[in-house]
There are 2 protein chains.
Amino acid sequence: MTEPTGLRARKKARTHDAIADAAISLFLARGFDQVSVNDIAATAEVSKPTLFRYFATKEDLVLHRFADHNGEAARVVRARQPGDSPLTALHRHFRAGLDRHDPVTGLNDHPEVVAFHRLVFGTPSLAGRLTRYLLDDEEALAGALGPGIEARLRAAQVLAVQRVLARTNWQKIADGRTAPEVHPEAVADADQAFAQLRSGTGGTTHHGS
Amino acid sequence: MTEPTGLRARKKARTHDAIADAAISLFLARGFDQVSVNDIAATAEVSKPTLFRYFATKEDLVLHRFADHNGEAARVVRARQPGDSPLTALHRHFRAGLDRHDPVTGLNDHPEVVAFHRLVFGTPSLAGRLTRYLLDDEEALAGALGPGIEARLRAAQVLAVQRVLARTNWQKIADGRTAPEVHPEAVADADQAFAQLRSGTGGTTHHGS
DNA sequence: GTTACTGGGTTAAAAAAGCAACCTGGTCAT
DNA sequence: ATGACCAGGTTGCTTTTTTAACCCAGTAAC
């Protein structure tokens with residue numbers, strides 16, 4: 001199961017990281033629009049075509065971290081334990097993210113993470129493209145939940161709820177509070193949110209239907 | 001006059017250095033014959049064919065430092081000031097090497113350099129190949145000195161003398177003395193050696209003959 | 001109102017690197 | 001002596017990267 005660690009793969013990963021690191025650090029230092037892709041390529045010591053072979057657009061240089069999580073909700077649903085409803089699995093997964101202070105939950109007070117979030121939400125083109133990622137995620141989740149309009153609706157609701165939860169947590173962090181301090185509220189909010197989702201669906205859709 | 005520093009050239013230089021550094025440090029740690037080229041390639045994180053694209057033989061992994069100086073004597077002669085004899089130019093150059101403790105003069109007491117010399121002279125295949133480098137150097141110097149057998153003879157004598165000087169200096173260092181301490185003797189030895197060379201040739205061959 | 005620059009993104013060709021398989025010459029068992 | 005193995009070095013093929021040139025959109029200068 002171990003993916004082959006040849007020279008090629010190792011160097012590819014390093015190049016990817018070098019580009020991403022150069023991009024993020026330049027963006028954080030000077031702002032998204034004040035950095036050209038040429039600057040990034042130069043800093044990462046790769047050519048421009050190489051940069052675009054690793055990242056399709058300038059925005060993706062920032063958003064690949066979210067892209068890595070793409071389809072995660074769908075995966076969680078598909079990999080859930082027999083007997084668990086999709087919502088239960090998603091709830092557990094979000095809760096686990098909270099516990100490990102996963103940045104995607106908004107519950108992370110590392111200065112770098114906070115600055116990163118400010119960068120994303122403070123740059124229109126980034127925030128814009130981020131929503132497109134969410135749409136993909138939503139579509140995948142819908143596919144995992146089943147066919148028909150009902151699944152799509154529920155998928156949209158779930159992701160909307162998660163977005164609000166993350167945004168709420170991030171806001172509290174941005175106001176200067178610490179992650180451990182906010183954690184209990186975040187858990188309570190999540191519990192309430194998922195309970196509300198469940199009431200809407202009745203929680204009737206179980207595995208192996 | 002600045003040589004173009006493109007990405008390609010920079011990365012090539014880095015790869016070259018990475019291989020050379022990996023090789024030297026492994027050789028110093030375990031000895032020439034106890035290290036395989038596979039080890040070196042793995043440590044430098046390149047493939048074996050790549051290693052051999054940069055260095056023709058395993059020996060060259062050690063000797064490229066000498067190879068870099070290849071043809072130096074010839075260059076010195078060709079670039080000498082008008083009015084200087086070849087011997088004067090070579091003498092001045094050797095003297096300058098002494099003053100800056102250039103490792104090729106043997107007058108360098110840095111532990112790494114000493115260990116490097118011990119490696120070279122203590123490994124037959126290395127010492128052997130080193131003489132081949134000297135032969136190339138000799139041929140180039142002969143070409144710079146002029147045509148005919150006379151130039152060849154003088155070239156051979158010059159390089160032989162330099163080799164003895166370097167070896168003498170190195171021996172004193174190997175005996176535990178410091179480079180600054182040995183420096184005056186080294187200068188005196190060089191002066192005497194070049195004086196002797198001059199007496200043999202009469203020093204009559206001047207620039208712009 | 002062109003002209004010219006800048007920035008995001010692409011293309012084609014050539015250099016460089018990786019990989020796997022091979023050749024050769026030694027050494028060491030059986 | 002035969003066969004297996006290892007180390008130095010090579011070969012052919014594929015993937016990756018560089019390079020330089022280009023396209024298109026905005027925008028500042030004249």
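To find a chain, count down the sequence lines: A is the first, B the second, and so on, and within it residues start at 1. The basis for the numbers below is simple: all heavy atoms, side chains too, and nothing from hydrogens, waters or symmetry mates.
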Take the protein atom CZ of Phe55(A) and the nucleotide atom C1' of dG9(C), then report the distance between them rounded to whole Å. 16 Å
Measuring to OP1 and OP2 of dA16(C), would you say a side-chain N or O of Lys12(B) lies under 4.0 angstrom away? yes
Considering only dG18(C), dG8(C), dC19(C), which nucleotide approaches the side chain of Val46(B) most closely? dG18(C)
More than 12 heavy atoms of other residues, nucleotides or ligands under 6.0 Å from CD of Glu72(A): yes or no? yes
Assign each of Phe52(A) and Lys11(A) the nucleotide of DNA chain C bearing its closest heavy atom; nearer the 5' end lies the nucleotide of Phe52(A)
Looking only at heavy atoms, what is the nearest atom pair of Lys58(A) and Asp33(A), with distance? NZ-CA, 4.3 Å
Tell me whether the side-chain N/O atoms of Thr50(A) come closer than 4.0 Å to OP1 or OP2 in dT16(D). no
Atom CZ of Arg14(A) to atom P of dA17(C): distance rounded to whole Å? 15 Å
Take Arg8(A) and Glu59(A), find for each the nucleotide of DNA chain C with the closest heavy atom, and name the residue whose nucleotide sits nearer the 5' end. Glu59(A)
Distance, rounded to the nearest Å, where Leu26(B) contributes CG and dA7(D) contributes P: 14 Å
Which part of the nucleic acid, if any, lies within reach of Ser47(A) when heavy atoms closer than 4.0 Å are counted: base, sugar-phosphate only, or nothing? base
Considering only heavy side-chain atoms of Lys48(A), the closest of dC19(C), dG8(D), dG9(C) is dG9(C)
If the cut-off is 4.0 Å, is Tyr54(A) near the phosphate of dT16(D), judged by side-chain N/O to OP1 or OP2? no
Base, sugar-phosphate or nothing for Glu45(A)? Non-hydrogen atoms, less than 4.0 Å. sugar-phosphate
Rounding to an integer number of Å, can you tell me how far Arg10(B) CZ sits from dT17(D) P? 16 Å
Between Thr15(B) and dA17(C), does any side-chain N or O lie under 4.0 Å from OP1 or OP2? yes
Leu51(A) has an atom CG; how far is it from atom C1' of dA20(D), in whole Å? 17 Å
Look at the side chain of Lys58(B) against the base of dG9(D) and say whether a donor-acceptor pair falls under 3.5 Å; ignore hydrogens and angles. no
Can Arg167(B) be said to sit on top of Phe121(B)'s aromatic six-ring, NZ or CZ under 6.0 Å from centre and within 45° of the ring axis? yes
Taking the six-membered ring for Trp, are His64(B) and Phe55(B) parallel (under 30°), tilted (30 to 60°) or perpendicular (over 60°)? perpendicular
Return no unless some side-chain N or O of Arg53(A) is found under 4.0 Å from OP1 or OP2 of dT17(D). yes
Whole angstrom is fine here: how far is it from CG in Leu7(B) over to C1' in dA16(C)? 13 Å
Rounded to whole Å, the CD1-C1' distance (Ile19(A) to dG9(C)) equals 15 Å
Trp170(A) vs His117(A) aromatic rings, parallel, tilted or perpendicular, using cut-offs 30° and 60°? perpendicular
How close or far is atom P of dG9(D) from atom CG of Asn38(B), stated in whole angstroms? 11 Å
